[in-house]
Amino acid sequence: MVEDAKTLLELYRSMVKVRQFEIMAGEHFAKGTIPGFIHLSIGQEASSVGVCSCLRSDDYVTTTHRGHGHMIAKGADLKKMTAELFGKKTGYCRGKGGSMHIADFSLGILGANGVVAGGLPIIAGAGFSIKMRKTDQVAVCFFGDGASNRGPVHEVMNMAAIWKLPIIFAVENNQWASTTPQKDSGSVKNLSKRAAGYNMPGIEVDGNDLLAVKKAALKAVERARNGEGPTFIENNTYRIKGHFEGDPQRYRTKEDVEKWEGKNDPLDRFSQHMLKNSIAKENDLKKIREDVAAEIKEAVIFAEKSPFPEAKEAMEDIYVNDIKGGIAS
Amino acid sequence: MVEDAKTLLELYRSMVKVRQFEIMAGEHFAKGTIPGFIHLSIGQEASSVGVCSCLRSDDYVTTTHRGHGHMIAKGADLKKMTAELFGKKTGYCRGKGGSMHIADFSLGILGANGVVAGGLPIIAGAGFSIKMRKTDQVAVCFFGDGASNRGPVHEVMNMAAIWKLPIIFAVENNQWASTTPQKDSGSVKNLSKRAAGYNMPGIEVDGNDLLAVKKAALKAVERARNGEGPTFIENNTYRIKGHFEGDPQRYRTKEDVEKWEGKNDPLDRFSQHMLKNSIAKENDLKKIREDVAAEIKEAVIFAEKSPFPEAKEAMEDIYVNDIKGGIAS
Amino acid sequence: MNERIISASEALAEALNEEMTKDENVFIIGEDIRVHEGIFAQFKGLPTQFPDRIIDAPISEAAITGVGLGGALTGMRPIVDMHFSDFVTCCMDELCNQAAKIRYMSGGQVKVPMVLWCPDGGGLRAAAQHSQSLEAWFIHTPGLKVVVPSEPSDVKGLIKSAIRDDDPVMFFQHKLLFSKEGHVPEKPYLIPLGKASVKRQGKDVTLLCYGSAYYMCKEAADELHNQNIDAEIVDLRTLKPLDMETIAKSIRKTRNVVIVHEACLTGGFGAELTAIIQDELFDYLDAPVKRVAAKDVPMPFSPVLEDFCLPDASDVVKAVKSIKSS
Amino acid sequence: MNERIISASEALAEALNEEMTKDENVFIIGEDIRVHEGIFAQFKGLPTQFPDRIIDAPISEAAITGVGLGGALTGMRPIVDMHFSDFVTCCMDELCNQAAKIRYMSGGQVKVPMVLWCPDGGGLRAAAQHSQSLEAWFIHTPGLKVVVPSEPSDVKGLIKSAIRDDDPVMFFQHKLLFSKEGHVPEKPYLIPLGKASVKRQGKDVTLLCYGSAYYMCKEAADELHNQNIDAEIVDLRTLKPLDMETIAKSIRKTRNVVIVHEACLTGGFGAELTAIIQDELFDYLDAPVKRVAAKDVPMPFSPVLEDFCLPDASDVVKAVKSIKSS
Ligand SMILES: Cc1ncc(C[n+]2csc(CCOP(=O)(O)OP(=O)(O)O)c2C)c(N)n1
Ligand SMILES: Cc1ncc(C[n+]2csc(CCOP(=O)(O)OP(=O)(O)O)c2C)c(N)n1
Ligand SMILES: [Mg+2]
Ligand SMILES: [Mg+2]
């Protein structure tokens, strides 16, 4: 896998976008501009960008409650995302979904999900549909170490394996599920070990190493496109922020978290890689960060200026052939 | 594991009971004396008897839609069982359960189940309760190869493993789930292979060899009693009869089935073993078969003579503190 | 006139055949459907006709429903066979949190053209986990549509509309009705969702029913006729959307209503219907709306008990007489 | 008089503490409950007090509910914390096909002393999968009991009864009510399941409510009072079993009924209540029974939209005036 400098810089840009978007989201949540609750994936950008950069825009992705990164890496529009988080009419879901339900079906993003592991059964359908329609698309489901303990994961992995569906199971083992450490909730340390029970390749990856993730994902994508079936990829990473914004994080120390910052940070690691190998100069990277910052700023202005939906819009989008929400009409 | 002749003869008696009970049930179903539908485990007796003979009466078992064997091997009363199948008031469940819902809580039999894999979450609770109460009981869940593809199996295996619950996962891989061959529905041929994904010992057993099953089960029981955690046992066997009584079985040939009869039949194999090793004489075995036949006959007479429940009994047993079935009372 | 008489199973198979021929994106996924061609022979001929579009899945209801939903989101028109409606308990998240809500949550970005096909109901001595009628749960789940046909001709016209509908449709068919026969036109036709059918004209009382209850009402109406009570039967056919117009028209005429369904009484669809009727037609009612339904118990196994718990025509007659003699 | 004022969270924690002290078979299992001591601080102190009986489980709702059921069948009195009521969709089989039915299916051999504890309801901008009120599903599931307390004192007395009850109890507590404060007696006490509470006397109209709707009714009653309408508030507290006696007594007096709940309208518990009332009290009703409930949509995220969909006091006032001015 040899990537040219331009491609690598684009990967960096994508990671920066995720990072800056989420920093912005955290700030706006704290300010109260973003209602509800949000979950940030800061520190996990190598996983979302590493995997999604191997995908075409007609490939499918399902994401999770911690889905901003997957969305952005798959190409989502920052304005529509920001507006959605703000609950605005111009958001991806017209303000109906919020952070936990963003989707962009035009980009194959079949939705974030408020139900842990909720995306897996959906990906089974996407994979099956690809097979029926005989295209060479692939379907990726992101999920967490916590999610891996839910029943539907098992059902979908078995089904994908027996039918050789073009699915990539991308588990982000960030070592925590809310307050629960992975080692307490999972009976194996490396979730990729479970793949053997489905006759499926299982790969463990340093999930903060962008190129390592990308390499594993490329192989899995190729396998899927060739009709050879599913792959299970475990991206080992770490959740830097609390489970949700506002999480007091009594379950771990500051020192625990710090180990994953700085030189273990996926963005730092990737920029170091590029600088060391003279793929880019600090100035190139800085320029990218500034460009992205401007883009995010624009997105925020867009969101701020956008109107809230009108109340009566709540009664739209329930059915295609509307039955006007009520039963008696 | 050296068993004395008496013990071995009792094992034989137990298998004969299961076999003769089910032959009787099949006949009565055909005659119409047994309503609804029933699923027979003929040919799988070594599994039910091999496992249950390692259990105490205070150990727990959950069984399946194909549960007569597990019930009888755990010591269930043939009269109450027959009466229940006949829908009589004197049956185990006062006629409310039928074949698919027989239970004997006084023997730790926490119920047959009409939902495939329905017993697994229940066994998680039984195992957990043992651990909380600090007894040395064990809890066994029987389930099928088809059931192994359901999500709750995964959840319960993971939970049992992390908490070292005293549970034995006894899968009866009889190669069929209704019309579906195991090889088409399961992504691994040997389900025991999945145990590794939970850090759990997984043992594959010739499920028609009574002593092999018993040996594996004893080890698992010992492990569980010692607080060392769960074991996964795969009893490879074969479903001789149709999925349900009346199944036209268009999915397999007579020859397929015949391979598992005669010298592969678990009862035949065990009697041959005893005769060859001079543990018993043909006469001893014959006597057992006749005794059991008499017992079954008695059970049938008991069931036949028993009254049906009265209609109004349908309104009993819903709640402990009865709210009389209706909401308005 | 060519009045062809076929069974509900045959009507269903014919409808599925027509729709699968018309649209290659329609497929059926379920457990053990290929060999038996459906346990009620309701898929007869389809595995041969469409070998790649009748799919036998492992016992994995969540994943199977996911195939329906994910398929619908990506260009297919899946029909998910739930085997027995009781097993919806194994995929409620996929149905109620995902399929029902995804269109709304995404702000209308997407359609979910999926049918969840559920044989339901009691009378087979199949006990508590194989005899339920669960339509009320889904009535209370915005985003789903609910269809419960009775006669073979309804089955045919409604399943075709359900398949063509762009929203997720729960389609309940009573297990004992598959072998029922009736007139089914030979030419393809659709029955729109949301249209009730007045199946018997009457002036004294309106019997509102659906699914198996239609046949109870039919029998009851004959008996009532002998007793000089003239019952009108409105077969709702679709519960959501509901044809309130047809219902109201009938009630304004008869001023008396008995609702009949096989699901257990408390919290059943009859409750909702009653609530709407007493609200919208308060001044037209000469008597309270009466409900006939199964007893509020898990369905028992023994025939004596099950028969006691299920409603039947005599219960309908009794309910009518409780309001028409007062 | 010692009128202690505490929050619903404190009332719950106190009740749990009392019951866990009294009976060592009581334990609580759920996800992420130890560190936070409950996200609403509702388990405050319990992990320290009962280190072995507050159990953090993996994200495995089916297995967790199984621990509840299997535990109840083998001598324990489990409390299963569902985290958010929306996730019951992940264990409906364990709840509705197993826990609800096993006593009946086994002919009464066994008791199922288990509480399924569910924080529910909207108003947190938590969108469609974290805002539901699903009690109606369980009302329609024979074998379960359903409790929905509103005030802190009810929470305390009812959770204690629910824990001691030998049947499976669905216990719904609205997320926004945990921080509400109210009088809670210091001495241990029980409120029996199946007893409603008349929380305000009035003669003109009966407001039937439970859970969050109680507070809407309280506010509405004040407003109605200003408009010379004298509302009686009956807080049902338990939906199954239902205290029809108290309800009937109130209605016979006021002859007007408005039912209020936060669950969406169609197929909600208000439908069942209406159906019973119009049947049993037909001649006492001066007007149709009115229902106030959430709109029939998945709960939207944006505050403007969510506020529009949720019922509030002004909707209650409007409903009352629609019948009291006619
Ligand atoms: C079915 C279900 N159970 C519980 C929750 C509550 N919950 C939300 S996120 C979460 C932790 C998820 O952990 P993991 O899958 O590792 O993802 P991460 O948050 O680490 O990205 C929990 C328990 C839920 N949303 N859905
Ligand atoms: C959740 C669920 N899905 C489907 C069924 C229908 N069904 C009953 S038994 C069965 C096959 C079970 O196969 P297996 O687990 O191998 O057990 P066996 O019948 O071979 O003993 C099926 C599909 C069911 N009862 N429950
Ligand atoms: Mg995690
Ligand atoms: Mg099998």
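So that the names make sense, note that chain A is the first sequence line, chain B the second, and so on, each numbered from 1.
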Using non-hydrogen atoms only, which part of D:Ala57 is less than 4.5 Å away from chain B: side chain, backbone, both, or neither?
both
State, yes or no, whether a side-chain contact exists between B:His39 and B:His68 at a heavy-atom distance under 4.5 Å.
no
Under 4.5 Å heavy-atom distance to chain B, tell me which part of D:Glu61 shows up: side chain, backbone, both or neither.
backbone
With the side chain counted from C-beta on, respond yes when B:Arg66 and B:His243 share a heavy-atom pair under 4.5 Å apart, and no when they do not.
yes
What part of B:Ala160 gets closer than 4.5 Å to chain D, counting heavy atoms only: side chain, backbone, both or neither?
neither
Counting heavy-atom pairs closer than 4.5 Å to chain D, which one of B:Ala139, B:Gly151, B:Ala314 comes out on top?
B:Ala314
Measuring heavy-atom distances to chain B, does D:Ile247 have an atom under 4.5 Å in its side chain, in its backbone, in both, or in neither?
neither
Establish, yes or no, whether the cationic atom of D:Arg252 lies under 6.0 Å from the six-membered ring centre of D:Tyr284 and within 45° of the ring axis.
yes
Any donor-acceptor pair under 3.5 Å linking the side chain of D:Glu94 with the backbone of D:Gly66?
no
B:Phe143 vs B:Phe232 aromatic rings, parallel, tilted or perpendicular, using cut-offs 30° and 60°?
perpendicular
Please flag which part of D:Ile64 lies under 4.5 Å from any non-hydrogen atom of chain B: side chain, backbone, both or neither.
both
At a 4.5 Å cut-off on heavy atoms, which part of B:Tyr92 comes close to chain D: side chain, backbone, both, or neither?
both
Polar side-chain atom of D:Arg34 near backbone of D:Pro51 as donor-acceptor pair, under 3.5 Å:
yes
Greatest number of non-hydrogen atom pairs under 4.5 angstrom with chain B, of D:Leu193, D:Thr65, D:Ile55, D:Ile102, falls to D:Ile55
For chain D, which of B:Ala103, B:Ser106, B:Gly111 has the most heavy-atom pairs under 4.5 Å?
B:Ala103
Please look at B:Leu120 and chain D and tell me whether the side chain, the backbone, both or neither of the residue comes under 4.5 angstrom of a heavy atom of that chain.
neither
Among the listed options D:Arg53, D:Arg103, D:Lys101, D:Met76, the residue most often paired with chain B at heavy-atom distances under 4.5 Å:
D:Arg103
Salt-bridge present (D:Lys111, D:Asp167; N to O < 4.0 Å):
no
What residue among B:Lys88, B:Lys80, B:Glu84, B:Glu316 forms side-chain contact (heavy atoms from CB on, under 4.5 Å) with B:Arg94?
B:Glu316
Per-residue contact mode, D:Asn97 against chain B (heavy atom under 4.5 angstrom):
side chain
Does D:Phe138 have D:Lys240 sitting over its ring (NZ/CZ under 6.0 Å from centre, angle to axis within 45°)?
no
Between D:Ser60, D:Pro58, D:Gly68, which residue shows the highest count of heavy-atom pairs closer than 4.5 Å to chain B?
D:Ser60
